[in-house]
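Input: a single structure, listed below in structure tokens.
Counting starts at 1 for both ligands and their atoms, in listed order. The structure presented is a predicted model; accordingly, all values stated were derived computationally and were not measured. Count residues from 1 along the sequence.
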Amino acid sequence: MEATTFVLFGATGDLAKRKIYPALYNLFLDHKLSKSFTIIGLGRREWSDEAFQAQVEQSLHTFSRRSADDSASIKAFIKAFRYSVMDVERIEDYHKLLQVVEQREQELHLPGNRMFYLSVGPEFFGKIAASIQESGLGSAKGWKRLIIEKPFGHDLKSAQELNQELGKAFKEEEIFRIDHYLGKPMVQKLDVLEQSNPALQDIWTNQYIANVQITASETVGVEERAGYYDHVGAIRDMFQNHMLQLLMTLGKNDGRISKRQVMESVEPLLKENVVNDVVRGQYTAGSIQGKPAAGYKDEPGIDPCSTNDTFVAVRLRIDDVFWRDIPIYIRTGKRMKEKSTRIVIEFKQPFKRSYSAQERTAPNLLIFEISPNEGVTLQINHKDLPNKGVTSTIPVDLHFNQSGEPEAYENLIYDALQGDPTFFAHWDEVELAWKWVQPILEAFEEDLVPLHHYPAGTYGPDASDLLLAEDGNHWWFDS
Ligand code: NAD
């Protein structure tokens with residue numbers, strides 16, 4: 001790993017505390033950070049270096065996956081941290097920051113590689129990028145890179161405007177857009193699972209696959225994000241980014257095509273057809289794991305007349321040589337029955353007519369559990385001898401040993417420091433995803449799609465089941 005100055009905007013914030021410091025600490029323990037690594041934290045609060053270091057240490061005790069009890073390691077780690085007060089809207093503060101950065105680079109004989117991580121609200125992204133450029137912070141002797149995290153815009157137009165602003169200060173290959181779903185270990189393993197297993201590779205086409213189902217269900221409601229979520233909904237908060245990135249990753253066919261090409265091949269939706277392929281849902285009162293849960297409109301901070309979507313289910317098709325004619329169903333929602341992210345691939349049933357036990361033969365399923373558990377399961381049919389020899393299904397389970405596995409932010413920060421763009425959301429993908437979603441946003445705004453309600457603690461509205469039933473399919477594992 002090259003020696004780097006890591007400049008963290010929003011160092012006093014929640015994301016820094018919960019994810020970024022623990023990730024850096026675990027990279028440090030794994031000797032994946034350079035010995036001359038330094039972190040300059042920025043925030044509006046008046047903190048000394050010591051107060052900042054104490055906060056970082058505290059966050060490790062609370063959030064690090066590995067124990068932060070070894071005081072020698074902690075001491076060695078936090079001594080790399082410095083703090084600077086900064087109002088991101090004041091250009092003078094960037095000039096001051098430049099002095100701090102240059103001083104650290106001299107002290108540690110650093111080559112001038114600068115990583116700027118913007119852990120602040122997206123409304124600041126453009127301004128910060130421009131000020132980095134204007135102040136000279138961006139004229140480093142080594143490389144410069146930028147890490148940002150979604151939301152990347154609110155719709156196609158605002159995303160394009162943001163990208164133009166960023167583009168004035170950073171080249172595309174210098175921008176690392178985090179989509180933390182791409183950092184999840186199971187998602188990172190998908191490529192190799194397929195590439196290194198010809199048996200999987202060969203069945204990964206429309207010759208064998210009947211349909212694909214991608215689900216990301218949450219049990220939580222809007223939590224503390226009511227004001228934000230009520231203007232965003234499941235379509236922007238989850239579908240446009242995480243769900244479409246999962247689709248692109250799955251659709252790559254072990255790298256024979258790129259994520260961009262997958263997204264380009266998704267058949268476009270016309271606004272007037274959105275109603276046929278998209279289900280919009282919102283939760284009402286119900287109960288989750290035995291506990292009562294309020295309806296969306298009764299949540300604190302939500303407009304009591306809100307028509308915001310807390311659930312979407314979408315049917316789409318990828319028009320390329322591997323995926324043509326395979327219906328792909330994607331759903332995501334809040335306050336659902338279980339917390340789970342998974343991909344289910346249902347295979348065709350060529351034996352339906354020839355096999356004598358046909359009535360009882362279920363399709364083969366290949367299931368990728370992404371979170372909270374990780375694993376791959378192949379559901380096959382077998383002869384159940386104790387049960388009169390009937391044909392029934394049995395799961396062939398592959399569960400990975402997850403202990404010691406790096407977390408998403410560790411993988412992603414490490415890759416960005418290495419300059420490896422593989423598991424990031426690239427601008428062309430982000431733009432194509434917004435283009436694809438735009439007719440849905442407009443159809444929702446113009447109320448061209450009914451809002452279906454579902455009680456909290458279920459798998460979404462009945463309309464989501466009907467969407468699959470139209471094709472003779474059903475969601476797997478809803479019970
Ligand atoms: P937060 O409100 O906890 O922290 C925001 C940080 O920005 C604070 O350090 C604050 O001091 C700083 N800040 C705000 N205005 C500033 C100004 N004018 N000058 C200097 N600093 C300023 O927010 P967060 O939860 O840490 O989220 C940060 C970003 O990460 C947001 O874009 C959010 O959407 C995204 N994000 C957060 C999470 C999470 O788990 N918290 C997850 C995914 C994405």
Aromatic ring centroids of His154 and His231 under 6.0 Å?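 When the ring centroids of His154 and His231 are compared, they turn out to be at least 6.0 Å apart.
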Kindly write out the residues that satisfy ring pair (Phe, Tyr, Trp, His ring centres under 6.0 Å) with Trp475, not counting sequence neighbours, or none if the list is empty.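 Trp475 satisfies ring pair (Phe, Tyr, Trp, His ring centres under 6.0 Å) with no other residue.
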Ring of [Y], cation from [X] - is the NZ or CZ under 6.0 Å from the centre and inside 45° of the axis?
X: Lys334; Y: Tyr283; result: no
X: Lys19; Y: Tyr409; result: no
X: Lys184; Y: Tyr181; result: yes

Report yes if the side chains of Phe444 and Leu448 come closer than 4.5 Å at any heavy-atom pair, otherwise no.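 No, side chains not in contact.
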Please tabulate, line by line, the atom pairs linking an N/O of ligand 1 to a protein N/O at a distance below 3.5 Å, with the distance in Å to 0.1, or answer 'none'.
{"from": "ligand 1", "atom 1": "3 (O)", "to": "Asp14", "atom 2": "N", "distance (Å)": "2.9"}
{"from": "ligand 1", "atom 1": "9 (O)", "to": "Gly10", "atom 2": "O", "distance (Å)": "3.4"}
{"from": "ligand 1", "atom 1": "9 (O)", "to": "Thr12", "atom 2": "N", "distance (Å)": "3.4"}
{"from": "ligand 1", "atom 1": "9 (O)", "to": "Thr12", "atom 2": "OG1", "distance (Å)": "2.7"}
{"from": "ligand 1", "atom 1": "9 (O)", "to": "Gly13", "atom 2": "N", "distance (Å)": "3.1"}
{"from": "ligand 1", "atom 1": "11 (O)", "to": "Thr12", "atom 2": "OG1", "distance (Å)": "3.2"}
{"from": "ligand 1", "atom 1": "18 (N)", "to": "Asp87", "atom 2": "OD1", "distance (Å)": "3.2"}
{"from": "ligand 1", "atom 1": "19 (N)", "to": "Val88", "atom 2": "N", "distance (Å)": "2.9"}
{"from": "ligand 1", "atom 1": "26 (O)", "to": "Asp14", "atom 2": "N", "distance (Å)": "3.1"}
{"from": "ligand 1", "atom 1": "26 (O)", "to": "Leu15", "atom 2": "N", "distance (Å)": "2.8"}
{"from": "ligand 1", "atom 1": "32 (O)", "to": "Val120", "atom 2": "O", "distance (Å)": "2.8"}
{"from": "ligand 1", "atom 1": "40 (O)", "to": "Arg18", "atom 2": "NH2", "distance (Å)": "2.4"}
{"from": "ligand 1", "atom 1": "41 (N)", "to": "Asp14", "atom 2": "OD2", "distance (Å)": "2.9"}

